[in-house]
Amino acid sequence: MRFAPSPTGYLHLGGARTALYNWLWAKKCGGVFILRVEDTDLERSTQDSVEEILEGLRWLGLDWDEGPNFQTQNLDKHKEAAFKLLREGQAYRCFCSKENLDTQRKEAEAKKTAFMYDGRCRKLTQEEVQHNLDQGMSSVVRFKVPRDECPLIAFEDSVYGRIEKRAKDIEDFVILRSDQTPLYILSNAVDDSLDRISHVIRGADGLANTPKQILIYNALGIKPPTFAHMPLTLDNKKAKLSKRVHGEVVTISYYRRRGFLPWALCNFLALLGWASQDGKEFFSREELIEAFDLSRINRHNSIFNYVPGDSKNWTDPKAIHFNATYVRTMPLDELVPYVKSEMESNGLWSQVYETSQKEWFLAIIDLIRSRYHVITDFSSKGRFCFSNNYEFDPKAVKKNLCQDLKLAEYLPELAQELAMLPNFDIEKIEDVFRSFAEKQQVKAGLLINAARTAVSGSSVGPGLFELLAILGKDRVVQRLNDSVGLITVND
RNA sequence: GUCCCCAUCGUCUAGCCCGGCCUAGGACACAGGCCUUUCACGCCUGCGACAGGGGUUCGAAUCCCCUUGGGGACGCCA
């Protein structure tokens, strides 16, 4: 199996899904997963793009066994294959100029008729060819489609089933440019046979190329690989996903930056166009490898349900759901490395979280994670857990702290009572709050909500008593006292 | 325009190959409720689809045909 991206941009969702399916199938079959960079389009290929694609795959955890190989490394072999076809009369030189063909194509388009190269150079005699060559005329090499010998090209696609195409509907396509460099359709087939690729798993946009490639394999006397075309992923207007129109949501690096767990993304991507027999949706790597099957890939395109401008659902809601579920339920020791790295880049990390305060750290992560969706939430919404320098949500301050000016007295008094607790545990803290409320003839909720905002800056969050207990007496006392300054008359 | 492919809730899908178990199942989203000091989680309920038309059949989401709709390919791009 292989993943063969062309390095003309970034790693996008579709590419990642293709890579994932290849990776899954390779793992399942115990095969070799080769990464091959198809860089024959020298004008558009860049080193940065190669780096970005590699980085994206590494982050996703789609490790390859071989490569990255570069298609340009095999240029000579591709050329050799073309010359072999030329010698055997399975290809021929065409002297028609590009300009000429382009105008013909445009005319056909204007007339709304199909344009297909008429194969006029096919009929050239050897002398004519030699004459043209001697004149220094430039030429391309075209594949001679064997319309008589093989009128119907059929193959069995692992996803789409039997696909047929009449040879008369295939033009004599170019395999070597006028500068004698090979084209993708040739290079790709030659490389796949060189790499002994058993399964070509690629997007359905490659479906139309497949009969041509099978022709090449046949002409070269090579057994074609098994093809499996996967449906495309479109946007909610059924248009192709692209960075230019959809922006960063289609790039893998964006999900990394926004705090996605790589496996959560893979899990989501796997289910876009594929479903397991038993309806299971969450899979570990091993489970997915086990369950994955080419024959269960759908045949219809799927829609990536992204709605621009929705700040809550900034990407497909189901993708967020997958990530949130992983954040909430995965084993803590697997989650922590991600949280650690997120905290490190925000200056919130301390070594003691791995040593003396490890228990505390795990407990607080476990307490807050059920309401977080992405890893970045731990350093934004969860900042108050690890730093005294956290933001106060103005709405929360107004709603919970300023709703009763008496809180300016209550909070310090509460702080004082809490400070005197010998055991700062959940029950004792709750007792303090409840009895204080009773004493002052106020609702406990008033104090609870005010305290929550005081210690966290927010109006939402974990159960207050648990939160206070885990934050610790010193912090709580300090924050309750400090918050008095925020209590002002509501306007 | 030509060729190829596809068609089940708003979205991802199960069911289709091998017709009856389908009053079409699940998940996300959305709405309501329960739980609750808040927000989540969890639980419950609701909303919501076989593109249309013809056949075949005792019986069709499932098989066949047509229509419509959608996508892809038609480069000296990959």
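Quick note on labels: first sequence line is chain A, next is B, and so on, each numbered from 1. Given the structure is predicted, the values throughout are model-derived calculations rather than measurements.
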Any base atoms under 4.0 Å from [X], or only sugar-phosphate, or nothing? Heavy atoms, all strands.
{"X": "T40(A)", "answer": "sugar-phosphate"}
{"X": "R452(A)", "answer": "base"}
{"X": "K111(A)", "answer": "nothing"}
{"X": "I303(A)", "answer": "sugar-phosphate"}
{"X": "L234(A)", "answer": "sugar-phosphate"}
{"X": "P231(A)", "answer": "nothing"}
{"X": "A114(A)", "answer": "base"}
{"X": "F465(A)", "answer": "base"}

Establish, with yes or no, whether the OP1 or OP2 oxygen of [N] is under 4.0 angstrom from a side-chain nitrogen or oxygen of [X].
{"X": "K240(A)", "N": "rA73(B)", "answer": "yes"}
{"X": "R177(A)", "N": "rC77(B)", "answer": "yes"}
{"X": "K312(A)", "N": "rC30(B)", "answer": "yes"}
{"X": "S178(A)", "N": "rC76(B)", "answer": "no"}
{"X": "R105(A)", "N": "rG75(B)", "answer": "yes"}

ring-ring contact (aromatic ring centres under 6.0 Å, His included) partners of W64(A), counting only residues at least two apart: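 None.
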Test ring-ring contact (aromatic ring centres under 6.0 Å, His included) applied to H199(A) - qualifying residues, sequence neighbours left out: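 For H199(A) the ring-ring contact (aromatic ring centres under 6.0 Å, His included) partners, ignoring immediate neighbours, are W25(A).
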For RNA chain B, which residues of [range] approach it to below 4.0 angstrom with any heavy atom?
{"range": "residues 424-447 of chain A", "value": "R434(A)"}
{"range": "residues 93-101 of chain A", "value": "C96(A), K98(A)"}
{"range": "residues 154-175 of chain A", "value": "Y160(A), I163(A), E164(A), K165(A), R166(A), D169(A), E171(A), V174(A)"}
{"range": "residues 365-378 of chain A", "value": "S370(A), R371(A)"}

is_close_aromatic(F260(A), F322(A)), centroid dist under 6.0 Å: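 Ring-ring flag for F260(A)/F322(A): false, centres at least 6.0 Å apart.
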Assigned partner base of rG59(B), Watson-Crick or wobble definition, under 3.5 Å: none
Pairing nucleotide - rC30(B), Watson-Crick or G-U, each distance under 3.5 Å: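 Here rC30(B) is engaged in a pair, and the nucleotide opposite it is rG46(B).
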Side chain to side chain contact (heavy atoms under 4.5 Å, CB included) between D192(A) and V200(A), intermediate numbers included: CA-CA 8 Å; D192(A) 280 346; V200(A) 171; 3.6 Å; yes
Please write out the pairs of protein N or O atoms and N or O atoms of nucleotides 64-68 of chain B separated by less than 3.5 Å, giving the distance to one decimal.
none

Nearest to side-chain heavy atoms of R299(A), which nucleotide of rC6(B), rA78(B), rG71(B): rC6(B)
Side chain of K112(A) - closest among rA78(B), rC12(B), rG1(B):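 Closest nucleotide to the K112(A) side chain: rG1(B).
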Nearest non-hydrogen partners of T233(A) and R17(A), listed with the distance: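 Taking T233(A) first and R17(A) second, the nearest heavy atoms are OG1-NH2, 3.3 Å.
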Please set out all donor-acceptor pairs under 3.5 angstrom arising from side-chain atoms of residues 7-14 of chain A, sequence neighbours excluded.
unit_1 : atom_1 : unit_2  : atom_2 : d
Y10(A) : OH     : K243(A) : N      : 3.0
H12(A) : ND1    : G14(A)  : N      : 3.2
H12(A) : ND1    : G15(A)  : N      : 3.2

Those residues that, when tested against A82(A), pass side chain to side chain contact (heavy atoms under 4.5 Å, CB included) (two or more places apart): I175(A), L176(A), L186(A)
Check: D293(A)/S295(A) side-chain N/O donor and acceptor closer than 3.5 Å: yes
Counterpart residues, salt bridge (Lys or Arg N to Asp or Glu O under 4.0 Å), relative to K77(A) (two or more places apart): none
Residue pairs passing the side chain to side chain donor-acceptor pair (under 3.5 Å) test where at least one lies in residues 451-460 of chain A, sequence neighbours excluded: N400(A)-T453(A), N449(A)-R452(A)
Protein-to-nucleotide contact annotation, 5' to 3' order, nucleotides 14-19 of chain B [B base; S sugar-phosphate only; - none; under 4.0 Å, heavy atom]: SS----
